[in-house]
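Structure record follows, encoded as structure tokens.
Values below: all heavy atoms of this structure, side chains included; hydrogens, waters and symmetry mates excluded.
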Protein chains: 2
Amino acid sequence: MNSGRYAGAVSEALWDRSRCSVAGTLAVVGEKWSLLVLREAFLGVRRFADFQRVLGAPRAVLTDRLNTLVDHGVLRRVPYQAEGERQRYEYRLTEKGIDLHPALVALMAWGDKYLAGDGEVPLELRHRDCGEPVHQVLVCEAGHQLSGARDVRPVPRVPAG
Amino acid sequence: MNSGRYAGAVSEALWDRSRCSVAGTLAVVGEKWSLLVLREAFLGVRRFADFQRVLGAPRAVLTDRLNTLVDHGVLRRVPYQAEGERQRYEYRLTEKGIDLHPALVALMAWGDKYLAGDGEVPLELRHRDCGEPVHQVLVCEAGHQLSGARDVRPVPRVPAG
DNA sequence: GACCTGAGTTCACTTGACGAACTTCCTCGC
DNA sequence: GCGAGGAAGTTCGTCAAGTGAACTCAGGTC
């Protein structure tokens with residue numbers, strides 16, 4: 001046994017996977033279409049029919065994903081009434097939902113780097129104030145900017161006991 | 001019609017979803033278990049049996065996910081031979097895989113904020129050099145640090161034509 | 001030669017995704 | 001009042017994907 005011990009590896013015993021935050025987040029937004037629904041939400045889409053049209057997802061799936069996201073407080077249903085129409089609900093991001101923005105930015109950045117053909121990035125993110133392109137970086141609380149994943153050391157927090 | 005036009009929304013016509021980088025990235029790492037496999041890879045796990053044990057994923061699914069990630073160049077198979085054992089392969093992150101680190105960090109940060117009970121973050125990321133906790137921020141090329149998603153303006157790049 | 005272990009593969013079963021058709025509730029034009 | 005129309009689902013049959021247990025296979029030990 002002992003096949004799991006490598007130089008630099010986080011000891012398995014000290015690190016309880018069952019409460020991993022990545023797994024927890026994926027339990028909320030990891031199903032098919034969920035993150036794409038959120039992408040559209042960040043781009044301003046709010047109504048069921050619009051999600052359905054731009055995504056092409058099956059209605060039943062879309063209904064389920066929207067309800068799930070509402071249940072988790074990532075979206076909220078807001079009543080609205082267009083003239084000449086009955087009252088309906090639209091789906092808007094909550095603060096909790098807006099906090100998923102970095103995850104979408106990170107996924108998008110990777111796709112831009114590895115999947116976009118010859119620099120043809122489909123969507124660019126710019127600073128609203130100055131118009132310059134933005135990108136994600138890691139900084140530490142001492143103010144250093146990290147150059148990449150290799151500058152990071154994962155430290156398990158052992159629950160009391 | 002026209003239900004899809006909102007103040008601040010990115011015009012639908014100008015934005016071709018079919019080549020969205022988020023969707024493209026999810027096509028590579030969006031299946032069940034893929035991102036959890038990568039999380040373990042970042043923590044030092046390399047061998048099939050170890051992935052299987054720490055994740056608890058079905059063997060068949062794990063086989064498929066590892067192969068898919070290798071096919072996409074996110075992991076690579078490296079032969080190794082432990083003493084008293086035959087030659088086997090282990091799975092290591094490539095540069096392309098390491099570049100998915102920000103996505104995992106972002107997902108983890110959200111889970112830490114919204115899912116962890118009373119500040120009991122299961123895993124902390126620290127600067128390898130100075131030991132201070134790290135976090136992700138958005139900066140623009142003019143050097144400003146953005147305060148959140150609301151400071152970002154998405155700009156579709158219309159393909160030539 | 002019998003046994004062990006890592007890394008799969010196969011199989012029966014359950015869950016989830018899919019597309020098309022159907023339902024409901026409301027508004028509009030007549 | 002009455003039928004048409006549309007947004008937002010729901011239902012349904014089918015197909016793909018995930019699951020856990022059992023089986024396979026190669027090379028090593030005893």
Side-chain angles (χ1 to χ4, degrees), chain A residues 1-6 9 12 17-18 23 26-37 40-41 45-71 75-92, chain B residues 1-6 9 12 17 23 26-37 40-41 44-71 75-92:
Chain A
M1 51 170 12
N2 245 343
S3 56
R5 206 147 308 151
Y6 308 97
E12 291 174 24
R17 264 83 173 173
S18 73
L26 289 175
V28 176
V29 299
E31 286 175 300
K32 210 169 179 181
W33 297 108
S34 293
L35 283 167
L36 297 177
V37 165
E40 296 303 329
V45 173
R46 292 180 181 173
R47 300 185 190 177
F48 185 92
D50 293 329
F51 283 111
Q52 212 273 316
R53 182 164 36 80
V54 299
L55 293 175
R59 285 172 146 71
V61 175
L62 191 52
T63 302
D64 180 80
R65 290 313 108 90
L66 288 168
N67 288 338
T68 301
L69 292 171
V70 169
D71 289 347
L75 298 177
R76 69 199 153 101
R77 298 179 60 158
V78 179
Y80 76 96
Q81 190 154 19
E83 70 280 36
E85 285 182 15
R86 64 170 161 152
Q87 173 176 308
R88 299 177 191 286
Y89 291 91
E90 59 184 19
Y91 300 87
R92 295 201 199 180
Chain B
M1 51 168 10
N2 246 342
S3 54
R5 209 147 305 154
Y6 308 96
E12 291 174 26
R17 265 82 172 171
L26 290 175
V28 176
V29 298
E31 286 174 299
K32 212 169 179 180
W33 299 107
S34 293
L35 283 167
L36 297 178
V37 165
E40 296 302 329
V45 173
R46 291 178 180 173
R47 299 184 191 177
F48 185 93
D50 293 329
F51 283 112
Q52 212 274 314
R53 183 163 36 81
V54 300
L55 292 175
R59 286 172 145 70
V61 174
L62 191 52
T63 301
D64 181 80
R65 289 315 107 90
L66 289 169
N67 288 337
T68 300
L69 292 171
V70 169
D71 288 348
L75 298 178
R76 68 198 156 101
R77 290 169 57 112
V78 179
Y80 76 97
Q81 189 154 21
E83 69 280 37
E85 285 183 16
R86 65 169 162 155
Q87 171 175 307
R88 297 178 192 286
Y89 290 93
E90 59 184 19
Y91 299 87
R92 296 201 198 181

In whole angstroms, the gap separating P of D/dT19 from CG of B/Leu36 amounts to 11 Å
Length of the line joining B/Arg47:CZ and C/dT5:P, which is rounded to integer Å: 15 Å
Roughly, in whole Å, what's the span from CZ in A/Phe51 to C1' in D/dG9? 15 Å
Got a sec, which residues hit side chain to side chain contact (heavy atoms under 4.5 Å, CB included) with B/Arg92, two or more places apart in sequence or on another chain? B/Arg46, B/Arg76, B/Val78, B/Glu90
Rounding to a whole Å, what distance do you find between B/Leu62:CG and C/dG6:C1'? 13 Å
For A/Glu31, all residues meeting side chain to side chain donor-acceptor pair (under 3.5 Å), sequence neighbours excluded: none
Under the rule for side chain to side chain contact (heavy atoms under 4.5 Å, CB included), what residues qualify as partners of A/Gln87, not counting sequence neighbours? A/Pro79, A/Gln81, A/Tyr89
Is the backbone N or O of B/Ala60 less than 3.5 Å from a side-chain atom of B/Asp64, with the two atoms forming a donor-acceptor pair by type? no
Starting from P on D/dA26, measure out to CZ on B/Phe48 and report it in whole angstrom. 17 Å
Hey, does A/Leu55 have a side-chain heavy atom less than 4.5 Å from the side chain of A/Glu40? yes
Measuring to OP1 and OP2 of C/dA7, would you say a side-chain N or O of B/Tyr91 lies under 4.0 angstrom away? no
Any heavy-atom pair between the side chains of A/Leu69 and A/Val29 that's under 4.5 Å? yes
Taken in chain and number order and not counting sequence neighbours, the residues that satisfy salt bridge (charged side-chain N to carboxylate O under 4.0 Å, His left out) with A/Arg77 are none
Which whole-number value in Å describes the distance from B/Gln52 CD to D/dG18 P? 16 Å
Spell out protein contact along nucleotides 11-27 of chain C as letters: B when the base is contacted, S when just the sugar-phosphate is, - when no protein heavy atom is under 4.0 Å; keep the 5' to 3' order. ------SSS-----BSS
Return the value, rounded to whole Å, for the distance between atom CG of A/Leu75 and atom P of D/dA8. 14 Å
Nearest-angstrom distance from the residue atom CZ of B/Arg46 to P of C/dG6: 18 Å
For residues A/Phe51 and A/Leu36, determine if any side-chain heavy atom of one lies less than 4.5 Å from a side-chain heavy atom of the other. no
Provide a list of protein-nucleic acid N or O atom pairs under 3.5 angstrom, restricted to nucleotides 2-5 of chain D.
none

Under the side chain to side chain contact (heavy atoms under 4.5 Å, CB included) rule, what do A/Arg47 and A/Tyr80 come out as? Steps first, then yes or no, please. CA-CA 10 Å; A/Arg47 300 185 190 177; A/Tyr80 76 96; 3.1 Å; yes
